[in-house]
Novice: 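Let me give you the structure first, and then I'll get to my questions.
Numbered from 1 within each chain, the chains take letters A, B, ... in sequence-line order. Note that this is a predicted model, so its numbers are computed, not measured.
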Amino acid sequence: MIVPWGETRLVQGNEAVALGAVAAGIGFFAGYPITPSTEIAELLAKYMPLLDKKWIQMEDEIASISALIGGRLAGSKSMTATSGPGFSLMQEGLGYACMTEVPIVVVNVMRGGPSTGLPTQAAQGDVMQARWGTHGDHPVIALAPCNVKECFELTIRAFNLSEIFRTPVILLPDEIIGHMRERVRFPLEEDVDVVPMPVPDVPVEWYEHYHESTSNVSPMASFGSGYRYHVTGLTHDKDGFPTRKEDEVIAKMERLKHKITRRLDELEDVQMHDVEESSVVIFAYGSVYRSALAAQAILKKKRKTVGIFRPVTLWPFPDRTVKEMLDSKDVVLVPELNQGQIIHEVERMTRDSVRVVPLHRIDGYEITPEEIVDAVMEVI
Amino acid sequence: MSPTIPYEYKYLRAKKRFPHVWCPGCGIGIVMGSIIRAVDAMGWDKDDIVMVSGIGCTSRMPVYVDFNTLHTTHGRGLAFGTGVKMANPRLNVMAVMGDGDSLAIGGNHIIHAARRNIDITAIIVNNNNYGMTGGQFSPTTPPGAKTSTTPYGMIEPGFDVCKLMDGAGASFVARGTVYHVTELDNMILKAFRKKGFSVVEALAPCPTNFGRANRLGGPVEMMQLLKDNTINLSQLKAMKPDQTEGKIVRGIFVDRDSISYGDRYAALCENARIGSGG
């Protein structure tokens with residue numbers, strides 16, 4: 001037994017990602033070594049042969065994500081793990097997976113950048129790359145865990161969402177979360193919801209590789225299962241064949257968008273603490289959310305109430321909830337391990353009367369609770 | 001007498017996808033014919049065949065054949081194919097690529113596919129230039145040749161595809177041409193039969209771009225060049241060195257038995273389970 005179901009263990013964040021992948025039924029891993037994500041590949045190299053699952057180290061990250069898409073088309077749940085520089089190389093394959101609607105999971109343990117940057121240190125610099133890194137219009141789903149237990153849970157959720165929406169899902173732990181160790185109480189296997197790979201049950205001649213409607217997905221047949229079809233990164237019709245007919249092009253592009261934007265309720269995942277009663281709210285995700293919680297406790301002792309708004313699902317951004325909850329606040333403080341990325345989304349969803357205040361840390365270290373406390377004291 | 005429909009047609013998406021995109025005089029369709037005949041000779045079920053490709057003229061081939069077909073990103077056909085083969089080893093995977101696709105942007109992938117000896121057949125249609133984008137030079141453009149990006153002549157040496165694949169560890173390496181079709185059919189068939197990574201390089205004319213830029217004539221003249229400028233391995237042995245000057249050699253250069261990646265991986269899984277007592 002690889003996943004310690006029902007047990008309590010001291011586990012590293014990256015290890016929890018690997019265990020979550022096993023729990024979700026990973027069948028194929030392809031990757032390339034890169035700090036600070038390597039433990040995920042190393043542990044799966046150990047686990048997967050024991051389960052008769054397929055693992056391969058490819059020649060680079062482009063090859064890794066390409067192999068991943070091939071693996072899923074041939075019927076295996078597929079995941080890779082990387083960090084900034086590798087994530088940049090994977091954009092080509094991410095775009096292809098979006099376009100061809102192949103479910104895969106890409107873990108990007110975020111380190112300092114740009115370029116080689118700070119390989120062993122933390123950042124949240126890839127938030128916008130996750131959203132807009134590949135060329136063209138495309139939807140994306142990205143989740144940001146804040147602790148080791150969530151590394152396990154959100155990896156499973158990433159697999160589930162990728163199958164439900166037939167799209168790549170990006171898991172975005174920062175280096176702090178990937179490398180920290182915490183005590184985790186694992187759930188019982190029967191309490192974990194794992195979405196199986198949907199399979200078509202229609203006669204071959206009725207099979208539609210892509211759904212006819214613009215907001216739905218069809219179950220994807222695997223190569224070798226008797227449903228022969230064509231897959232191409234060229235804009236294609238519902239059978240997968242290249243097209244330049246206006247109505248078919250529009251239908252394809254609208255489905256890519258609507259299949260996600262019309263089902264936001266299934267994707268939105270936010271945590272709020274004392275948001276309603278506070279006029280000052282800290283908007284934080286990933287490791288910074290932990291510091292925000294500690295800062296809130298310190299401030300409470302000083303008889304200052306601040307709220308915390310935390311998006312677990314970063315993309316699609318929780319537009320409606322942010323607007324509803326934060327648009328009447330005096331101040332929203334947005335601490336991030338970058339020079340300001342998600343803050344633009346917060347600004348976009350709040351009126352001018354809301355002061356949206358940045359707090360950056362870009363030296364590879366964590367934002368401390370004290371830094372957040374100081375920033376709050378300055379604005380109130 | 002009613003016309004007989006050639007058996008090749010049953011492997012085509014005949015009603016849906018034709019006419020094809022290839023220019024008059026292009027050699028890619030001939031290679032597709034060879035592939036289909038070799039597939040028929042193998043007796044493979046169409047459901048069990050996966051044809052992957054990258055980007056370019058040759059990489060448009062999958063859309064015309066009635067297999068599981070995967071037209072990927074530029075140069076990555078073999079990387080996608082590696083994933084397919086790993087996830088479902090029962091599938092017969094082939095990759096069709098042009099010279100630019102397989103050897104320039106995909107150069108890293110093809111040498112590692114050969115080194116791993118993954119059980120895939122790579123068919124490289126070598127027409128000495130990038131056809132789809134209008135005839136730029138590729139890693140197989142001969143020295144001195146004119147292309148749209150070598151207006152003063154090619155100054156880079158080219159790859160010898162077969163030597164490269166031999167050195168990288170492929171189990172089967174052959175070179176044919178689209179003039180010598182029966183020979184090409186046979187090479188592809190032998191490549192399909194081979195366990196491990198097999199490569200067939202098919203020399204083909206591109207009258208529209210390479211031929212025109214180098215004043216090599218039309219489709220017929222370029223076919224004649226394939227006939228005149230190539231010799232097979234047995235001819236090579238019978239000829240004196242001065243007679244073989246400038247000739248390209250056809251034939252099967254590598255045919256060795258080495259354990260495929262898939263078989264090695266399966267053994268690894270078994271050993272790991274025994275080792276862990278599982």
Novice: Is chain B contacted by the side chain of A:K46, its backbone, both, or neither, given a heavy-atom distance below 4.5 Å?
Specialist: neither
Novice: Give, as side chain, backbone, both or neither, the part of B:N271 having an atom under 4.5 angstrom from any heavy atom of chain A.
Specialist: neither
Novice: Should B:N108 and A:D60 be marked as a side-chain contact (heavy atoms from CB on, under 4.5 Å) after you check the CA-CA gap, both sets of side-chain angles, and the distance that decides it?
Specialist: CA-CA 9 Å; B:N108 199 23; A:D60 59 31; 3.3 Å; yes
Novice: Indicate the ring-plane relationship of B:H71 and A:H230, choosing parallel, tilted or perpendicular according to the 30° and 60° boundaries.
Specialist: parallel
Novice: Is the shortest heavy-atom distance from the side chain of A:L73 to the side chain of B:L70 under 4.5 Å?
Specialist: yes
Novice: Do A:D52 and B:R273 have side chains that approach each other closer than 4.5 Å (heavy atoms only, starting at C-beta)?
Specialist: yes
Novice: For B:V50, is it the side chain, the backbone, both, or neither that has a heavy atom closer than 4.5 Å to a heavy atom of chain A?
Specialist: side chain
Novice: Against chain B, work out which of A:W55, A:F223, A:Y229 has the most heavy-atom pairs shorter than 4.5 Å and name it.
Specialist: A:F223
Novice: Please classify the contact of A:A63 with chain B as side chain, backbone, both or neither, using a heavy-atom distance under 4.5 Å.
Specialist: both
Novice: Could you tell me if the side chain of A:Y96 sits less than 4.5 Å from the side chain of B:R76, heavy atoms only?
Specialist: no
Novice: What part of B:R115 lies closer than 4.5 angstrom to a heavy atom of chain A: side chain, backbone, both or neither?
Specialist: neither
Novice: May I ask you to test the B:M86-A:S76 pair for a side-chain heavy-atom distance under 4.5 Å?
Specialist: no
Novice: Counting C-beta onward and ignoring hydrogens, is there a side-chain heavy-atom pair between A:S222 and B:N88 closer than 4.5 Å?
Specialist: no
Novice: A side-chain contact here means heavy atoms from C-beta on lying under 4.5 Å apart; do B:R60 and A:L234 qualify?
Specialist: yes
Novice: Using non-hydrogen atoms only, which part of B:K85 is less than 4.5 Å away from chain A: side chain, backbone, both, or neither?
Specialist: neither
Novice: Counting heavy-atom pairs closer than 4.5 Å to chain B, which one of A:I56, A:L68, A:D239 comes out on top?
Specialist: A:I56
Novice: Between atom CD of A:E59 and atom CZ of B:R116, what is the distance when rounded to the nearest 0.5 Å?
Specialist: 4.5 Å
